[in-house]
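Data block below; observations after.
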Amino acid sequence: SITKISGDDFSKIQGRFDIRLSLSSSSVDEVIKKRILLKTPEAAQLLSAQYEKNMTALRNLFVFNGSVSDIKGYDGAEDYIQSYPFVHYQFLMMQSALAEIRKHGNSGKHFSGGERSMLSGFQETAQKLQEKDENALAPFYLFYDSIHTFLDSSVRRVIDRCRNAAENGDGLKLQDVNVLKLLFLIRYLNDIRATPENIAVLMIESVNTEKLQLKEQVKQSLDRLVSQNYVARNGDTYAFLTDD
């Protein structure tokens, strides 16, 4: 009777501990920056010089149309050093994307929409860039690969079919697959409109990216995806076509 706990009544045990610790999803970006993205002093120095050199370019690269205020680029040199190779907006958008994918039933039973998925997603994406130089940035579509195996077959089938068509030259190119992955990730997000301009910003993978040229490539990809029935166009916005 002394050792038996009825139901989930742990209040007596909890009463012995004064300190309450909780890791909320809102603080997971701090954990990612300290556990995965912490830089050596040499790397911090290099990135600081890099930011000073490219400050204006970086500010102009990450400008979204019609997004909510906290969906933005870097806040300054310190934010650049802490977040690199990721961008400020990715921490917020990835969290929302994981929650929405789970809510809309596009994920399997083993998919966690919270902290662990965020940590593994950022770690796996960072590892893909490890051979690149200090100009490389993480485009948002790379996060898709970290959740691909947890998604329902109906979604995976669309992406796989698109990739096969691109590899075989059946009306699509390989860059179109990345645009389709991105459109799936932002399918249910209200924070940002899926216009060619905003999609191009989400596709940026280098400090030296020519934004106008990238926007043109994105438009061509979207036209091909619409013509092959992977994407729906509604005015100036585009959406990943679900089974529904």
Side-chain angles (χ1 to χ4, degrees), residues 60-68 71-73 87 89-90 92-94 96-108 121 125 128 137-206 209-244:
N60 293 332
L61 275 179
F62 295 102
V63 177
F64 294 100
N65 291 331
S67 69
V68 297
I71 302 295
K72 58 183 179 180
V87 192
Y89 77 84
Q90 293 174 338
L92 300 168
M93 279 183 56
M94 190 56 186
S96 299
L98 292 174
E100 291 297 325
I101 288 166
R102 187 169 189 175
K103 194 200 309 184
H104 285 86
N106 289 318
S107 60
T125 304
K128 288 179 183 171
L137 295 170
F140 196 62
Y141 69 81
L142 281 182
F143 287 103
Y144 172 86
D145 294 339
S146 68
I147 63 169
H148 177 78
T149 53
F150 299 110
L151 297 175
D152 280 350
S153 58
S154 59
V155 175
R156 294 205 310 265
R157 194 164 54 241
V158 174
I159 301 288
D160 291 341
R161 183 181 162 197
C162 179
R163 186 187 294 108
N164 290 336
E167 288 172 351
N168 297 328
D170 295 333
L172 293 174
K173 296 185 178 179
L174 284 173
Q175 69 197 47
D176 305 346
V177 186
N178 295 333
V179 175
L180 189 63
K181 288 177 180 178
L182 176 64
L183 284 172
F184 171 71
L185 287 175
I186 65 173
R187 172 76 173 83
Y188 305 105
L189 300 187
N190 297 319
D191 292 343
I192 188 166
R193 295 174 66 241
T195 61
E197 293 83 358
N198 287 341
I199 293 168
V201 175
L202 296 171
M203 297 280 291
I204 288 170
E205 50 189 40
S206 171
T209 297
E210 287 289 338
K211 203 169 169 184
L212 286 174
Q213 187 181 343
L214 179 58
K215 182 182 162 186
E216 194 53 44
Q217 290 170 355
V218 166
K219 277 184 174 175
Q220 293 169 9
S221 287
L222 289 168
D223 289 342
R224 286 191 291 268
L225 289 166
V226 169
S227 72
Q228 299 296 317
N229 263 0
Y230 288 98
V231 167
R233 179 177 179 174
N234 182 14
D236 64 340
T237 62
Y238 294 80
F240 180 93
L241 278 177
T242 62
D243 281 355
D244 294 340

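Residues: numbered from 1 along the sequence shown.
Classified by interplanar angle (parallel below 30°, tilted 30° to 60°, perpendicular above 60°), the ring pair Y89/F62 is tilted.
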Exercise. Take Y230 and V179 through the test side-chain contact (heavy atoms from CB on, under 4.5 Å) and record every step on the way to the result.
Key: CA-CA 11 Å; Y230 288 98; V179 175; over 6 Å; no

Quiz prompt | Test log, rule side-chain contact (heavy atoms from CB on, under 4.5 Å), inputs F184 and I101 | solution = CA-CA 9 Å; F184 171 71; I101 288 166; 3.8 Å; yes

Quiz prompt | Steps toward side-chain contact (heavy atoms from CB on, under 4.5 Å) verdict (L183, L222) | solution = CA-CA 10 Å; L183 284 172; L222 289 168; 3.8 Å; yes

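Closest non-hydrogen pair, G121 versus T125, comes out as O-OG1, 2.7 Å. Considering all non-hydrogen atoms of both residues, A194 and I186 come closest at CB-CD1, 3.9 Å.
Residue I147 holds its CD1 atom at 5.0 Å from CE of M94, rounded to the nearest 0.5 Å. Taking CZ of R157 as the start and OG of S154 as the end, the distance is 6.0 Å to the nearest 0.5 Å. Atom OH of Y238 and atom CG of L225 lie 10.0 Å apart (nearest 0.5 Å).
Remark: the backbone N or O of G235 is paired with a side-chain donor or acceptor of R233 at under 3.5 angstrom.
Remark: N234 CG is loosely packed, at most 12 non-hydrogen atoms of other residues, nucleotides or ligands lying under 6.0 Å away. Around the NZ atom of K72, the shell of radius 6.0 Å holds more than 12 heavy atoms that belong to other residues, nucleotides or ligands.
Contact of the N198 side chain with the T237 side chain is not registered, since no non-hydrogen atoms from C-beta on lie closer than 4.5 Å.
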Could you list the donor-acceptor pairs under 3.5 angstrom formed by side chains in residues 211-219, with sequence neighbours left out?
| residue | atom | partner | partner atom | Å |
| --- | --- | --- | --- | --- |
| K211 | NZ | N60 | O | 3.0 |
| K211 | NZ | L61 | O | 3.0 |
| K215 | NZ | E197 | OE2 | 3.1 |

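Residues that satisfy the side chain to side chain donor-acceptor pair (under 3.5 Å) test with E205, not counting sequence neighbours, are Y141.
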